[in-house]
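Just below is one structure, and these are the notes that go with it.
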Amino acid sequence: MPTLPAFDPLSLPESNATGYPQPYAEDQKKRFNRRLGNHVGLTNFGVNLTRILPGGQSSALHGHSRQDEFVWVLEGEAVLETEAGEQLLRPGQCAGFPAGSGGAHRFLNRGDRDVLLLVVGDRTAGDEVHYPGIDMAGRQLPDGKFLFTRKDGSAF
């Protein structure tokens, strides 16, 4: 077994925990993350190995005000959904989402086998997340966690 900083990413535990409130948390039950960056103490950006079961999604359709995201499809076929439409991505294909571009996105698994994504995002403070398809907004708190409210600012 390698020792830090080298490690086997598949040896880390998976979690499908989400900060999304109900009813939106239910949609995250078929998405599992391994927090690779956290495992080695990265603080400037996050690196996750995300597994999406058939019928699942990576997240709700969303866009970030201050944080960039980069996603590489490692296994399976992922449908990249944006406000402009859908695109099928196969292993080896990538997508990037610049902060503040207004580009809402998510990945869907409409196939019959798992999708595996390498997801990299920076951790710029003060991020706000918009969700065009649902009545939810996210605001990053000073501790880095997100507070989710309805779009009018009311609590769930």
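Owing to the predicted nature of the structure, the values given are computational and were not obtained by experimental measurement.
Atoms CZ and CG, on R51 and L10 in that order, are 10.0 Å from each other to the nearest 0.5 Å. Y131 OH to L61 CG: the interatomic distance, rounded to the nearest 0.5 Å, is 10.0 Å. Note that the CG atom of D122 and the CG atom of N44 stand 9.0 Å from one another [nearest 0.5 Å]. Separation of atoms CG (L118) and CG (N48) is listed at 8.5 Å; rounding is to 0.5 Å. Rounding to the nearest 0.5 angstrom, the gap separating the CG atom in D114 from the NZ atom in K30 is 11.0 Å.
Contacts of F148 classified as ring-ring contact (aromatic ring centres under 6.0 Å, His included), with partners at least two apart in sequence or in another chain: Y20. With sequence neighbours excluded, the residues forming a side-chain contact (heavy atoms from CB on, under 4.5 Å) with R66 are T124, D127, listed by chain and number. Under the side-chain hydrogen bond (donor to acceptor under 3.5 Å, both in side chains) criterion, D152 pairs with S154, not counting sequence neighbours. Residues satisfying the side-chain contact (heavy atoms from CB on, under 4.5 Å) test with L42, not counting sequence neighbours, are V40, F45, V47. Under the side-chain contact (heavy atoms from CB on, under 4.5 Å) criterion, D135 pairs with Y24, R150, K151, not counting sequence neighbours. Residues forming a salt bridge (charged side-chain N to carboxylate O under 4.0 Å, His left out) with E26 (at least two apart in sequence, or on another chain): none.
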Q: Any chance you could lay out the salt bridge (Lys or Arg N to Asp or Glu O under 4.0 Å) test for R90 and E77, step after step, and finish with the verdict?
A: CA-CA 5 Å; R90 293 185 171 86; E77 292 186 343; 3.0 Å; yes
Q) Given M136 and H130, is the side chain to side chain contact (heavy atoms under 4.5 Å, CB included) satisfied, shown in steps? A) CA-CA 7 Å; M136 187 168 77; H130 72 280; over 6 Å; no
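Under a 4.5 Å side-chain heavy-atom cut-off, the cluster of Ile, Leu, Val, Met, Phe, Trp and Tyr residues that includes L89 is completed by I52, V71, V73, L80, F97, F107, V115, L117, V119. Taking Ile, Leu, Val, Met, Phe, Trp and Tyr as members and joining any whose side-chain heavy atoms lie under 4.5 Å apart, directly or through other members, the hydrophobic cluster of L108 also contains V79, L88. Other residues sharing the hydrophobic cluster of L141, ordered by chain and number and joined by side-chain separations under 4.5 Å: L147. Summarising the hydrophobic clusters (Ile, Leu, Val, Met, Phe, Trp, Tyr; side-chain heavy atoms under 4.5 Å, direct or chained), the residues clustered with F32 are L53.
Counting only residues at least two apart or on different chains, the side-chain hydrogen bond (donor to acceptor under 3.5 Å, both in side chains) pairs with a member in residues 79-88 are E81-R106, E86-R110. Applying the ring-ring contact (aromatic ring centres under 6.0 Å, His included) test to pairs two or more places apart or on separate chains, those with a residue in residues 64-93 are H62-H64.
A donor-acceptor contact shorter than 3.5 Å links the side chain of H105 to the backbone of G103. Without hydrogens or angle criteria, R34 side chain to L12 main chain gives a donor-acceptor distance under 3.5 Å. Using modelled atom types, no side-chain atom of N33 and backbone atom of R35 make a donor-acceptor pair closer than 3.5 Å.
At least one side-chain heavy atom of F7 sits less than 4.5 Å from a side-chain heavy atom of H39.
Considering every non-hydrogen atom in both G111 and P54, the closest pair reads O-CB, 3.2 Å. Scanning all heavy atoms of the two residues, the minimum distance from G126 to S65 falls at O-OG, 4.1 Å. Of all heavy-atom pairs spanning S58 and R31, the tightest one is O-NE, 3.3 Å. Minimum heavy-atom separation, A99 to D68: N-OD1, 2.7 Å. Closest of all the heavy-atom pairs between A25 and T18 is CB-CG2, 3.7 Å.
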